Amino acid sequence: MAAAGVLLAAGFAVGGPVHAADQELIVNGGFEDGLQGWFANNGNATDSTTLTLTDDAAVGSQAVRVTDRKTTGSGPMQDLSGKLKAGETYTVKAQVKYDDPASPATKQFFATMHYGGGDYTNLGSVTPARGEWGTINATFTIPADQNVSSARIFLETPWTQNPQSAPEVHLMDFTVDGFSLVGSPPPAAPSKTIEVVGKLPGEHNPLIGHKFGADGYGFVHDGRVYMYMTNDTQGYAPNPATGISPQINYGAINQITLISTTDMVNWVDHGEIPVAGPNGVAPYTGNSWAPGMASNVVDGEEKFFLYYANGGGSSNVINGESPLGPWSTERTSPLITSATPGSAGVNWLFDPAPLVDDDGRSYLYFGGGPASTAFPAAERYNNPKNLRVIELGDDMVSTQGTAAVVDAPVAFEAAQVFKRGDKYYLSYSSHFGGNDFGGNQTPQQGYPGGGQIGYMISDDPMSWPKETYAGVMFPNQSEFFGAGTGGNNHQSVFEYEGKFYFTYHAPTLNKRINGDSTQGYRSPHIQELTFQEDGTVNQVVGTYAGVEQLRDFDPYRTFEAETLGWSKGITTAKIGEGSTEFGQTAPNLVVSDIDAGDWTALSSVAFGDEGAGSVTAKVKALQTGAEIKVRAGSQTGQVLGTIVVDSPVGEWAEVTTELEGAVGTNDLFFSYEGPQGDLFEIDSWAFDRAAATPSLDVTATTSLRCVAGKGLVTVQVANVDGEEVAVQLVSAYGTKAFSAVASGASASHAFTTRLASVPAGEVTMTATATVDGQPVTTEMSVPYGAHSCR
């Protein structure tokens with residue numbers, strides 16, 4: 001918009017009225033912010049030019065100088081993908097000048113749109129005289145059937161097949177300023193919010209229901225389980241009318257999704273780690289798939305290392321100050337490449353999984369993809385030798401030595417190793433056959449079928465001959481979750497509080513959204529992994545039930561609102577300030593896109609016998625008239641309290657309500673009500689205990705003795721409270737009342753039983769007093785044993 005302001009102020013207003021909704025779609029069209037937003041046209045392999053800033057400007061203080069052109073299309077370009085709408089009308093403007101005395105007296109210039117491939121459209125032109133500024137000023141309408149998913153605008157001279165034959169005529173230097181495109185605002189991005197209940201209350205798989213996540217890698221640190229995942233949500237864009245998204249585009253994924261838990265059911269969403277791409281921690285990589293996580297002591301300090309696949313061609317690592325970051329990189333190029341010793345014959349240098357051994361030595365497992373064509377067909381199928389292991393350097397961001405072959409039967413990808421006792425277990429995903437693996441071959445007996453998780457057991461983390469193969473750890477997930485949930489898988493195994501857990505993914509959330517026509521968006525799952533006496537594993541069965549909750553949820557603290565057992569209709573968003581629960585350097589998310597009828601929930605919340613007296617939510621109201629109902633058991637369960645969100649709109653504030661009946665252990669639901677539209681955002685929850693019921697410090701003891709052959713039950717009452725109390729004693733042999741027992745005093749009474757043999761029983765003692773103007777009662781039962789006077 002700043003660029004548009006410069007143009008309009010300089011008198012370059014679009015001819016005719018501009019609708020209020022129209023926007024300037026070019027970024028930095030006046031080049032006052034340097035070359036931000038601009039690059040040299042690279043639509044064809046031969047296109048090339050150099051862009052530099054100049055003070056020879058038509059507007060403002062700077063323009064761009066275009067030199068060293070190789071084609072007529074070589075000129076300044078800006079990407080408008082996602083900003084344009086087919087069928088809409090736009091106005092394009094640009095000022096251009098050339099001044100080479102060897103060039104023609106006049107020259108035509110075009111503003112052109114490249115819609116991808118060979119689809120180019122000239123939008124407008126101008127033919128200035130040499131040495132004078134000319135202005136392109138044209139209005140055009142994008143055809144209704146034009147695909148605008150890719151759209152890049154640039155400036156060029158008329159096409160000629162062989163411009164090098166007369167460079168002064170066709171490839172002259174030129175200067176551009178005041179580049180503008182005004183029209184309809186960009187279409188709203190498709191909502192990524194999942195409106196269905198993807199994780200059903202009572203079920204523990206998938207782990208989350210408000211977003212996707214694949215290739216989950218479990219990592220335990222300081223009593224917490226962290227799950228690092230490929231961010232499948234990044235490309236999720238459901239059609240507003242059909243609710244169906246295009247197929248997943250793995251090439252666009254450059255973030256890692258992170259969640260964590262201490263009870264295996266309620267998971268905190270920590271958002272996405274910007275790993276790769278221009279804005280990533282490691283911008284020299286383009287993708288971030290299949291993460292692996294480890295920590296180790298380096299130079300006397302514990303450090304954290306997040307490994308990931310940079311597409312299929314390499315793997316890399318970034319550094320964290322904690323499992324939550326902040327993140328940085330020590331490298332300037334990928335860690336695993338085709339130049340890594342021992343990587344020859346591995347087509348896909350991806351899926352890096354670290355292992356830090358008990359002695360501190362560390363290893364990285366990686367690889368996968370088509371088998372080498374140098375192998376015989378049967379070997380390509382049964383023993384493709386496409387996985388590797390290499391020792392990491394002491395710094396954890398370099399390798400040492402040569403990678404060793406992992407001869408995993410029918411291997412495809414996803415090698416990961418864990419240690420149990422003195423044995424190493426390597427699990428991996430098996431391939432589906434086909435030409436990449438020798439064509440139609442017969443699998444060797446006992447080897448895994450397509451898309452299963454096989455495993456091996458070894459005494460050495462660097463030695464994995466085919467003889468260490470031990471069987472199938474997990475069948476294909478479609479056996480458990482039905483149509484639309486098949487495909488390859490990716491797993492990890494970790495130990496937490498004495499149990500081993502197996503992670504995997506399945507498009508179960510995608511299936512609940514769209515039925516059996518899934519589009520490849522995967523969700524994380526966990527099952528417990530158990531073992532036979534001989535160390536082999538019991539084959540894992542995938543279920544929606546998942547694993548048991550390890551402990552009740554403690555509500556008496558400030559905790560993140562994005563801690564979710566189950567949810568409906570919400571999403572999460574990152575905000576600038578740090579996390580109250582995890583520290584100021586940790587990312588902080590809020591629950592957002594909250595509409596009437598949405599809800600979030602926590603599993604097995606322990607309020608205790610006294611219960612919770614109040615709850616406080618940190619919220620940002622987005623409109624008036626909204627409220628939060630706190631419910632027990634379900635989204636329609638008993639209302640324990642209602643929070644009225646009456647804080648100022650647009651400001652973060654704390655709102656509180658008292659609770660009634662919030663006792664014991666229950667699933668807890670927050671249901672959201674109010675007018676249409678987004679109601680508020682929530683940052684955190686905090687519960688306070690109910691005030692303790694006052695009691696009196698009065699005790700009683702019993703004793704038995706015999707008088708004339710008959711039993712007596714004697715009760716001794718001691719009042720150590722600060723108040724005078726009234727006491728009543730009730731037994732099977734009568735009642736006795738003391739109207740006043742002073743503070744520090746005692747009283748006693750003997751009940752005559754008239755029995756020679758007294759059976760066991762008890763005396764009920766009730767003490768009452770007035771404390772701060774309120775009646776207080778304490779009751780206790782005092783047992784006594786059987787007694788004989790014979």
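These figures come from a predicted structure and were not determined experimentally. The chain is numbered in sequence order, starting from 1.
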Would one find more than 12 heavy atoms of other residues, nucleotides or ligands at under 6.0 Å from atom CD of E779?
yes

Donor-acceptor contact present, side-chain S322 to main-chain G325, <3.5 Å:
yes

Exercise: identify the closest heavy-atom pair between K199 and G565
NZ-O, 2.9 Å

Against the six-membered ring of Y556, is R689 placed for a cation-pi contact (under 6.0 Å from the centre, within 45° of the normal)?
yes

Grab the two heavy atoms, one from D269 and one from I259, that are nearest each other, plus how far apart they are.
CA-CG2, 4.1 Å

For the residue pair Y544 and L200, establish whether any side-chain heavy-atom pair is separated by less than 4.5 Å.
no

Report yes or no: do T262 and R551 form a side-chain donor-acceptor pair below 3.5 Å?
no

Judged by atom type as modelled, is there a donor-acceptor pair below 3.5 Å linking the side chain of D552 to the main-chain atoms of A606?
no

With rounding to the nearest 0.5 Å, note down the distance linking CG in L306 to OH in Y228.
7.0 Å

Determine yes or no for a side-chain-to-main-chain donor-acceptor pair under 3.5 angstrom, with N719 supplying the side chain and E723 the backbone.
yes

Mark yes or no for whether T770, through its side chain, and G773, through its backbone, hold a donor-acceptor pair below 3.5 Å.
no

Is it true that, when you exclude R557 itself, more than 12 heavy atoms of the residues, nucleotides or ligands shown sit nearer than 6.0 Å to its CZ?
yes

Does the side chain of M264 reach to within under 4.5 Å of the side chain of H204, using non-hydrogen atoms?
no

Steps toward ring pair (Phe, Tyr, Trp, His ring centres under 6.0 Å) verdict (F531, Y425)
CA-CA 12 Å; F531 300 82; Y425 291 71; 5.6 Å; yes

Are T752 and Y733 side-chain neighbours, meaning at least one heavy-atom pair lies under 4.5 Å?
no

Is a donor on one side and an acceptor on the other found under 3.5 Å between the side chain of T778 and the backbone of S695?
no

Hey, are the side chains of K574 and N588 touching, using non-hydrogen atoms and a 4.5 Å cut-off?
no

Sidechain-backbone polar pair: E560 side chain, E581 backbone, donor-acceptor under 3.5 Å:
yes

Does the side chain of T257 come within less than 4.5 Å of F212's, by heavy atoms?
no

Output for pair (L704 CG, C789 SG), nearest 0.5 Å, gives 8.0 Å

Between F304 and W327, does the ring centre distance come in under 6.0 Å?
no

Check: S523 main-chain N/O paired with H505 side-chain donor or acceptor under 3.5 Å:
no

Rounded to the nearest 0.5 Å, the CG atom of N510 sits from the CD1 atom of I194 at a distance of 8.5 Å

Should D593 and T571 be marked as a side chain to side chain donor-acceptor pair (under 3.5 Å) after you check the CA-CA gap, both sets of side-chain angles, and the distance that decides it?
CA-CA 6 Å; D593 199 6; T571 188; over 6 Å; no

For E497, does the CD atom sit with more than 12 other heavy atoms under 6.0 Å from it, leaving out its own atoms?
yes

Is there a side chain to side chain donor-acceptor pair (under 3.5 Å) between T636 and R631? Walk through the geometry before answering.
CA-CA 7 Å; T636 58; R631 299 177 181 267; over 6 Å; no

Side chain to side chain donor-acceptor pair (under 3.5 Å) partner of E272, chosen from Q234, K211, Q255:
K211

Work out which heavy atom in A621 is nearest to a heavy atom in P648; give both atom names and the distance.
CB-O, 4.1 Å

Report the distance from atom CG of L602 to atom CG of L668, rounding to the nearest 0.5 Å.
6.0 Å

F500, Y496, Y217 screened by ring-ring contact (aromatic ring centres under 6.0 Å, His included) with F418, the one that passes:
F500

Please report the C-alpha distance between T665 and V605 in whole Å, then the side-chain angles of each, then the deciding distance to 0.1 Å, and finally whether the side-chain contact (heavy atoms from CB on, under 4.5 Å) criterion is met.
CA-CA 5 Å; T665 300; V605 178; 6.0 Å; no

Sidechain N-carboxylate O distance under 4.0 Å for K618, E651:
no

Could you walk me through whether E673 and K629 satisfy the side-chain contact (heavy atoms from CB on, under 4.5 Å) test, starting with their C-alpha distance in whole Å, then the side-chain angles of each, then the deciding distance to 0.1 Å, before giving a yes or no?
CA-CA 8 Å; E673 301 180 8; K629 290 197 181 317; 3.4 Å; yes

Residue pair S260 / R224, side-chain donor-acceptor N/O under 3.5 Å
yes

Over all atoms of both residues, closest heavy-atom pair of L207 and M227
CD1-CE, 3.9 Å

Check the orientation of Y307 and F305. Use parallel for under 30°, tilted for 30 to 60°, and perpendicular for over 60°.
tilted

Side-chain donor-acceptor pair under 3.5 Å between H525 and T508, yes or no?
yes

Search all heavy atoms of G711 against all heavy atoms of T753 and return the closest pair with its distance.
O-OG1, 2.7 Å

Is T261 reaching over with its side chain to a backbone N or O of V225, donor-acceptor style, under 3.5 angstrom?
no

NZ-CG distance between K620 and L679, expressed to the nearest 0.5 angstrom
14.0 Å

Consider side chain to side chain donor-acceptor pair (under 3.5 Å). Of Q477, Q527, Q491, H490, which one does Y504 pass it with?
Q527

Mind checking the CG-NZ spacing from D598 to K568? Nearest 0.5 Å is all I need.
5.0 Å

For a quick test of reading the model, state the closest non-hydrogen atom pair linking P524 to I208 and the distance between them.
CG-CG1, 4.3 Å

Judged by modelled atom types alone, do Y672 and T600 share a side-chain donor-acceptor pair under 3.5 Å?
yes

Stepwise, does the side-chain contact (heavy atoms from CB on, under 4.5 Å) test hold for Q623 with D678?
CA-CA 8 Å; Q623 55 176 311; D678 289 354; 5.6 Å; no

Under a 3.5 Å threshold, yes or no: a donor from one side chain and an acceptor from the other, between S603 and N266?
no

Decide yes or no for T233 and Y521: does some side-chain heavy atom of the first lie under 4.5 Å from some side-chain heavy atom of the second?
no

Side-chain donor-acceptor pair under 3.5 Å between S684 and T558, yes or no?
no

Q728 and K736, any side-chain heavy atoms less than 4.5 Å apart
no

Answer yes or no: is there a side-chain heavy-atom contact under 4.5 Å between Y226 and F494?
no

Q416 vs V493, side-chain contact (heavy atoms from CB on, under 4.5 Å): CA-CA, chis, key distance, verdict:
CA-CA 8 Å; Q416 191 260 347; V493 176; 4.2 Å; yes

